[in-house]
Amino acid sequence: MNRAAAVLGFLREAPGYVSGDLIASRLSISRTAVWKILRQLREMGYAFETLKGKGYKLKCSPDRLYPWEVQRYLETAFVGREIVYEDTVGSTNAIAFNLALAGCNEGACVIAEAQDAGRGRRRRAWLSPHGKNVYVSCVLRPALPPSEVSPLTFISCLAAFDVLKAAGLAPTLKWPNDVLINGRKVCGTLAELSVEPDAIRFAVIGIGLNVNMKESDMDEKIRGKATSLFLETRNCFERARVCGMLLNGLENYYEALRDLGTDEICRLWEERANIRGVPMEIVQMDKVYRGVSEGIGRDGALLLREENGRVTKVIAGDVSF
Ligand code: BTN
């Protein structure tokens, strides 16, 4: 697909119509190859204006997360530089996990238009309708012990937080891995690990960000609890751009994690989440903790001052306020 991406890039940069001969000579391919690529692009949803004697002009691009569309917005060194793109998958996390096992490079991503077995924390399902949202999983190989996995989920939440801020929204963070707007979930992230006793071999960071999903795309279970960029703004967003921005943020925060340590990521997360002094309840399997948050420990655990005055370190659970 590299040649098609090059043709598209050339047409995008051109101020007006571009002749097939010019495209062919600039990209050192035959005129027939240009014609075949344009046909292939049309089948993928691109539309071109053609003018006799002048050539082609890109009229519109489909709303698809094709790798070359996402990569137009990347400012990264390694995240998203290799993208496996599929129309529909079970779970992008599952595919990325297998890629990592097979030895893919750090930063390789799996992106899909839909998931029919999208998964969340605690084996919950992640609703993933076709062509509406962003479902992306990225392979990272951090030099961290498995006990410090929380800051890895935090970096994906911080990246999503920044994307939402840039869209003019006021997101909030909910421990450990949710991003909300007006109390409704707009993004969930899931870190899945392959570990040795004292090291993470690799981590797959999966991000589900609701972009153009409407109430009618939601099922009963999440209606009223979930939201999307569209629902909050009544505007449709270009998903490839949103995905590119998300991956830029992911790499930036990952580098901050590597260079400045988990303390800094936990500090940033805590600052954005603004949870110190907030009363909350945490349900952990059959246990319920109630108290006031004292922030986040350096390993990402939630510190809760319980009613008896004791500070408990909670490493997993569902928070409600
Ligand atoms: C949660 O809120 O519990 C986490 C949801 C994570 C969903 C994303 S969508 C992309 C990636 N693939 C999956 O199957 N899950 C994550």
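Whatever order the structure lists them in is the order used to number ligands and atoms, beginning at 1. Residue numbers start at 1 and run along the sequence shown.
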Looking at every non-hydrogen atom in both residues, tell me the closest pair between [X] and [Y] and how far apart they are.
| X | Y | value |
| --- | --- | --- |
| L250 | S156 | CD1-CA, 3.8 Å |
| T50 | Y17 | C-CE2, 4.3 Å |
| I37 | A4 | CG2-CA, 3.5 Å |
| V134 | R239 | CG2-O, 3.9 Å |

Considering heavy atoms of the protein only, find what lies nearest to [atom] and give residue, atom and distance to 0.1 Å.
| atom | value |
| --- | --- |
| atom 8 (C) of ligand 1 | G208 N, 3.6 Å |
| atom 10 (C) of ligand 1 | T92 OG1, 3.3 Å |
| atom 9 (S) of ligand 1 | Q115 NE2, 3.4 Å |
| atom 5 (C) of ligand 1 | W126 CE3, 3.5 Å |
| atom 3 (O) of ligand 1 | R121 N, 2.6 Å |

Atoms in ligand 1 with a heavy atom of [X] nearer than 4.0 Å:
| X | value |
| --- | --- |
| I207 | 8 (C), 9 (S), 10 (C) |
| S137 | 11 (C), 12 (N) |
| S91 | 12 (N), 13 (C), 14 (O) |
| G120 | 1 (C), 3 (O), 4 (C), 5 (C) |
| G118 | 14 (O) |
| T189 | 4 (C) |

Check whether any N or O atom of Y135, backbone or side chain, sits under 3.5 Å from an N or O atom of ligand 1, and answer yes or no.
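No, since none of the N or O atoms of Y135 sits under 3.5 Å from an N or O of ligand 1.
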
Taking N or O atoms only and a 3.5 Å limit, does R119 qualify as a polar contact for ligand 1?
yes

Any heavy atom of R124 under 4.0 Å from ligand 1? The part involved is neither

Location of contacts on K185 toward ligand 1, heavy atoms closer than 4.0 Å:
side chain

Hydrogens and angles aside, do N177 and R121 bring a side-chain donor and acceptor to less than 3.5 Å of each other?
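R121 and N177 do have a side-chain donor-acceptor pair below 3.5 Å.
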
Testing the 3.5 Å rule here: is there a donor-acceptor pair between the side chains of Y85 and E113?
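Looking only at side-chain atoms, E113 and Y85 do form a donor-acceptor pair, the distance falling under 3.5 Å.
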
Between the side chains of [Y] and [X], is the shortest nitrogen-to-carboxylate-oxygen separation below 4.0 Å, so that they form an ion pair?
| X | Y | value |
| --- | --- | --- |
| R201 | E196 | yes |
| R276 | E270 | yes |
| R141 | E106 | no |

Paired with R290, the salt bridge (charged side-chain N to carboxylate O under 4.0 Å, His left out) test is passed by just one of E281, E307, E306, namely E281

